[in-house]
Structures are given as structure tokens and as C-alpha cells.
There are 2 protein chains.
Amino acid sequence: MKGRSATIRDVARHAAVSVASVSRALNGLNSVHPETRARVVASAKTLGYVPHAGARSLSMARTHAIGVVLPDLHGEFFSEIVRGMDRETGARGYHLLLSNMHADAELAAQAMRSMRGRVDGLIVMAPQLDATGLDEALPPGVPAVLVNARDPGGHAGMRIDNAAGIDALVAHLVGSGRRDLVHIAGPAGNIDGDERRASFAAAMARHAPDRPVRIVAGNFREEGGQQAVAALLREDAAFDAIVAANDMMALGALTALRTAGVDAPGAVAVTGFDDIPLARYLGLTTVRLHLAEMGARAVARLVDTLEGAEDARTLELVTPELVVRTTTPDRTSP
Amino acid sequence: MKGRSATIRDVARHAAVSVASVSRALNGLNSVHPETRARVVASAKTLGYVPHAGARSLSMARTHAIGVVLPDLHGEFFSEIVRGMDRETGARGYHLLLSNMHADAELAAQAMRSMRGRVDGLIVMAPQLDATGLDEALPPGVPAVLVNARDPGGHAGMRIDNAAGIDALVAHLVGSGRRDLVHIAGPAGNIDGDERRASFAAAMARHAPDRPVRIVAGNFREEGGQQAVAALLREDAAFDAIVAANDMMALGALTALRTAGVDAPGAVAVTGFDDIPLARYLGLTTVRLHLAEMGARAVARLVDTLEGAEDARTLELVTPELVVRTTTPDRTSP
DNA sequence: CCGCCGCCTGTAACCGGTTACATAGTCAGG
DNA sequence: CCTGACTATGTAACCGGTTACAGGCGGCGG
């Protein structure tokens, strides 16, 4: 409509006061005569004045925005984390600046740099970057919380407690009468995959120390679960439970078992990891990740340090919750 | 570490040139002597200089960010739209500023205002706001694309083509031998629910004009589908197909039919709307929404108008895609 | 030798707010 | 009546960039 929208100086002129008074009046600050304030507010309304957040940020050195750098996450995972962040962020009066999908480390680094001056802090989930590469990429002086990073280095970190999740699953299986467990692992090199594999070995040592630790390779995808089961059947292995590193592979394993004529979950119990929506429909026993909570906590910690609290710079774990369904029936009470 | 991070003046001092030269050198602009440029680049690197995006935005009156105002969307829906936006936004060199979850119109309006000076344009999905309320809430001079708005008024709009989706489903059902279709509607007042209900009537008139238009109430949730089926069975209605207004209700309908002993999909075919991930697993015939594409198109249109193209201010529809699965078996070729 | 032109660079204004500091006015206490 | 404190307001610097404008300088044609 009109050329450009009203600035604070337009309001000042219209109300016949100085810009300082306008600023003070509109921010409810210091001492402003009630009558002056009323005049300013009226002028602002008639001019349709909306403060320019960018200018304010510049002069206050505070943007009230936090940046989020994520890899190319899929569906549920992405949406849950971001939802949690968004909830907390809104509650604390901040905004979220997204920068998703970064193919390689260079792009991710560039994305992080391009946020300097736009955000007060960063939440970074960058599987491609190691600790030192990350320190180089982070704009100096911008606090950060690392989510799911292999090594948070000197920063605050958030991570899923994979060990607790796997331990709960193994304990549950052993407790319901299973003895010969097999783990279908995630892709090598993936943080969660690696942790879950190691945790499986640890959990077996704790709950079934007399049994061997059996692990077959997988890839977090449905076919991976199918192929793993096919390999197991081919070598005629004896097992009565499968602990898949995530739900999708558990699904694949389940269908592969059934099409091969194996009684699942009767003869072979199956567990997953993640609790995707499908798991509920298929009755899959699994662990729920509380991703939204993790996102919210990451924001909460970041905002806390932004607002002066001590920066803990510690790694905080989010404990998954065991969800028992029908793929792990109890064998101990026949 | 060091007190505050380097500014352009620090670089200028270090390289013994003026700030203007630094700016020109780093932006690959105009005419800068190669040697000078090299010196500037070297200084910038040793000082760890990262440009301050906020300051740049202020002076250029361009933020290269676009704001997104969404209601509290759940899972798949939210994530798909945002994913599409993010993809396009990254490809065009922009950022995405999220402001999710706005309980009422007032909060949504406030969220939109708070974005002035932070973004170059807005993508708004605000079911609570009507056209005029929206025009008041929009900061002046900020172009906007409205997603799923009942009436885009004078703005550009994006919407799912509900009529095309319902028509495809009804055509498919009638084509496979069904005649007595029942629609389980969405909640009254919801845009998509209303459109789908009206479209169902229109589609029936087109493809099965001799049959009555039967509609029962629903609420987009699983129980809604169950309750609708219960009501139908209670009144002993004769029907051989159910067209649910979304997938969740279709699921509810399916399970309710089966637990009531009705042969589904043999005696009663069932269709949904949305194509949520579960639909594939349950073999539900439905239509796929291409939400990511809608988000991407919204961004593309917005960026186009920001970069000078003609602003079409037109309502653009995204056509859903029919996905035929097992809940609608063919009856015409016995 | 002069003037002009093109290349390179510097100075300073500007974007739209906030805020330290100065100042004018009012009022009470001594 | 003077002084000090306090309130209300204005002036101008500042945040960190971009860029219009003004030179300075060297080369070249006349």
C-alpha cells in the first residue's frame, strides 16, 4: 500500500515527541508521563506501527531466536524433535530458525556460520561432523547444544540413553523366558547403531552371562531386518528372540519370520527400538524415545545459559521407556 | 573465549584498509585489487570473522528468511509440510523461521507481528483467522502465502484439491462395482472436512446419480470411524462401501466392521484420505496428499514474488494421487 | 603537457531501533 | 532563596553491516 511501513521516527513525529520517548513508552520502560505514553500509543496505532525486530536485535545484541541445524531426518523423528523444541521455544518467548538437510560437513558448517547474528544460540545435530570439525564450524561466541553427537567436546549435549533402552529390552526378554537372543544391528558408523550394538553385548553379559552374544548386520531399514532373518535361517541358527536396533528392522524381521513359516512371536519373540506409530498397530514390543522431550530439554538448557544460568556443558541423557506389547509373550508361566 | 567476536572494522584495521573495501572484497563485489582482496581474506580468516547476518539484513532491508505460522499440527502432517518448505527454502538460499502452535487468533496475530523485520515474507496456516482478521494481523508490506485458508482474500493461496481426491475415490469405488456408498465426514467447521463432505455429494451425483447421498458424522479420529460404523450397523443400513474423510477414521471403520463380523473389504470396501504411513501396512486404499510438494510450492511462490516476479495472488491447488490397495477389491470381474 | 577516463579506495550516511548522558522543570528541605 | 533530588524528555552515539559519493592515481590520446 503505502511506500514503506512506519518506523519509530514516524511515530515520534506524529506524536510530537522524540524517538527515545516512543521507545520507552512502547516498551513500558522507565519513567514516561502517562499522557505522553497515551499519545504515543495512539500514534502508533493510527500509523499501524510494528516494531522492526531486526533493528531491535542489532542494537540489543539479542535476537530471541535459536537456530537448529539438522540432518535430513525423516518423518516422525524430525517432526517429534522439532515439535518439542517449538513448544519450549514458544513458552520461553523465542523463535526457531530451521536449517535442515545438510548433505555434507561443508554445507552444515556453512549453514551454522550463516546463522551468526541471526540467532542467540544453536542446537546442532550433525552426524557428519566430529568434535573438532564442529568447533571450527561453530561461530565464535555462540553457545550451542549438541544433540546426538558422538562427542559433545566442550559443549552441552543431549542424547538418547541407548544403553538403558537395550538393557530394558534384554531384561524383559530374559525375564519372560527367552535365552538365545540375537541382535540385528544398525549400520556401522552410526552413533545409535554402534551404541546399541555395544549395549546389547553389555546387557547380555549382565542378564544372560552364560549365553553367547550373537549379532548380525543390519541397516535400520525394513529390508535389513528381512535379510538378517534370512541369513539366520540359512545358517540354521537356534534363537528364540530377536532384538532389532530399530522398529523398521523389527517389522522386517517379523514378516520374514512369518513368511518363512516360523511361529512369531511364539517361537521367536521380536523387539524394536523407537516406538514409531506403526509399532502400536503391529503390537511390537519396543522402547519409546520421547524425542519431543529431548528437543524441549535442548531448548530449555540453551535458553537457560542464554539468560545467564551456569552453562553445565554436560551430556544429558533421555531415558527411553519400555513398551511391552504382544511380540514378546511370557513363557515362564505356561 | 575472546570478549566478543570480530566485526568488519576489526578486519579493516587488521588488513589496513577501509570497511568499504572489506565489504566489497568479501562479497566478491565491484572492483577490488586482487592483492587487497587477498589481504582482506587473510585477515578475515586469522580473525575468525563471520559476517553478522542481522546487521546485513538491516542495511539491505532483506533478511533472506521466510516465516512460517502454523497451528498445532500433528506428526506426519506437520513434518511433511515443513520438510517440503525446508527443501525449497534451502535450495533458494533462504532460511525458515518457525512459529508453531497458536492456540487462538490473538496469539497467531501476535506471532505474525513479531516477525516483522525478521523475515521477508510469511507462509500462514491459520484456521482460526478469517480473511479480514488475517489482513489486520499481517504486518504491512510483508507478502504472504496462505496455506489451507478458507478464503485467501487478496493473497496467494495453496490448498489441497479435496474435490479431486474424493472424486477419484468415488469413481474408483463405483468403477469396481460398488453402488451404496456412505461418507464418514470430518468435524463440521473444519475446512477440509466441509469440502470433502460437499465433494462427496458432488461426486455421487456425477458417478452414481441414482443413489442417495448418505453421510454420517465423524471427527477425523479413530474412534470417530468406529462410532460411525456402529451407528450404521445399529440402524441396519445397507451399504457396500465407506468413504472416510481421512485415514484414521477409515482405520476405525475397518476394525469396527471386522469386530462386528462384517466381511471387510469383501462386503464393504473402505477408503481413506491422506495416505499416512499406516495406510500402506493395512492395505488401505486412499489418496496421497503430497504435502511436501505443497510446502515447497508455497515457498517457491513466495520467493518468486520476493525476487520481483509478478505476484499471482491466486489460489493454487495440489492434486492428490489415488493409491489403490486391498481394501477396495474389484467386484466387476468375478 | 593537459585533460579525461577507469580503476581502486576511503569517508560517511544510512538501515531502525536502544540507551547513556545531558537538560529542563518541579518541588521539598534547610 | 538556594540546593539537591527526582521526573520527564531530548540529543546523539551505537549495534555491524552496505553503498552513494568523492577523490587519488596512473595511463593514454590529443
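In what follows, chains are A, B, ... by sequence order, proteins preceding strands, each numbered from 1.
From B:R39, atom CZ reaches atom NE2 of B:H33 across 9.5 Å, with rounding to the nearest 0.5 Å. Note that CG of B:L97 is 10.0 Å distant from CD1 of B:I66, once rounded to the nearest 0.5 Å. For the atom pair B:S31 OG and B:R24 CZ, the distance stands at 7.0 Å (nearest 0.5 Å). We find the CZ-CD1 distance between A:R159 and A:I191 to be 6.5 Å, quoted to the nearest 0.5 Å.
The only member of B:E88, B:E316, B:E307 that meets salt bridge (charged side-chain N to carboxylate O under 4.0 Å, His left out) when paired with B:R301 is B:E316. For the side chain to side chain contact (heavy atoms under 4.5 Å, CB included) test with B:V41, the passing option among B:T46, B:L26, B:T36 is B:L26; the others fail.
Note that the two end axes of the helix from C:dC1-D:dG30 to C:dG30-D:dC1 enclose an angle of 60°, each drawn from 5 base pairs, rounded to 10 degrees.
With sequence neighbours left out, the salt bridge (charged side-chain N to carboxylate O under 4.0 Å, His left out) criterion links B:D120 to B:R62. For B:Y94, the ring pair (Phe, Tyr, Trp, His ring centres under 6.0 Å) criterion is met by B:H64, not counting sequence neighbours.
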A correct 5'-to-3' footprint of nucleotides 12-21 of chain D, with B, S and - meaning base, sugar-phosphate only and no protein heavy atom under 4.0 Å, is B--BBBSB--

Check the interface with nucleotides 5-8 of chain D: list each N/O to N/O pair with the protein under 3.5 Å, or write none.
none

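Inspection of the B:S5 and A:R116 side chains reveals an N or O donor paired with an N or O acceptor under 3.5 Å.
For residues 46-60 of chain A, the set of pairs meeting the salt bridge (Lys or Arg N to Asp or Glu O under 4.0 Å) definition, not counting sequence neighbours, is empty.
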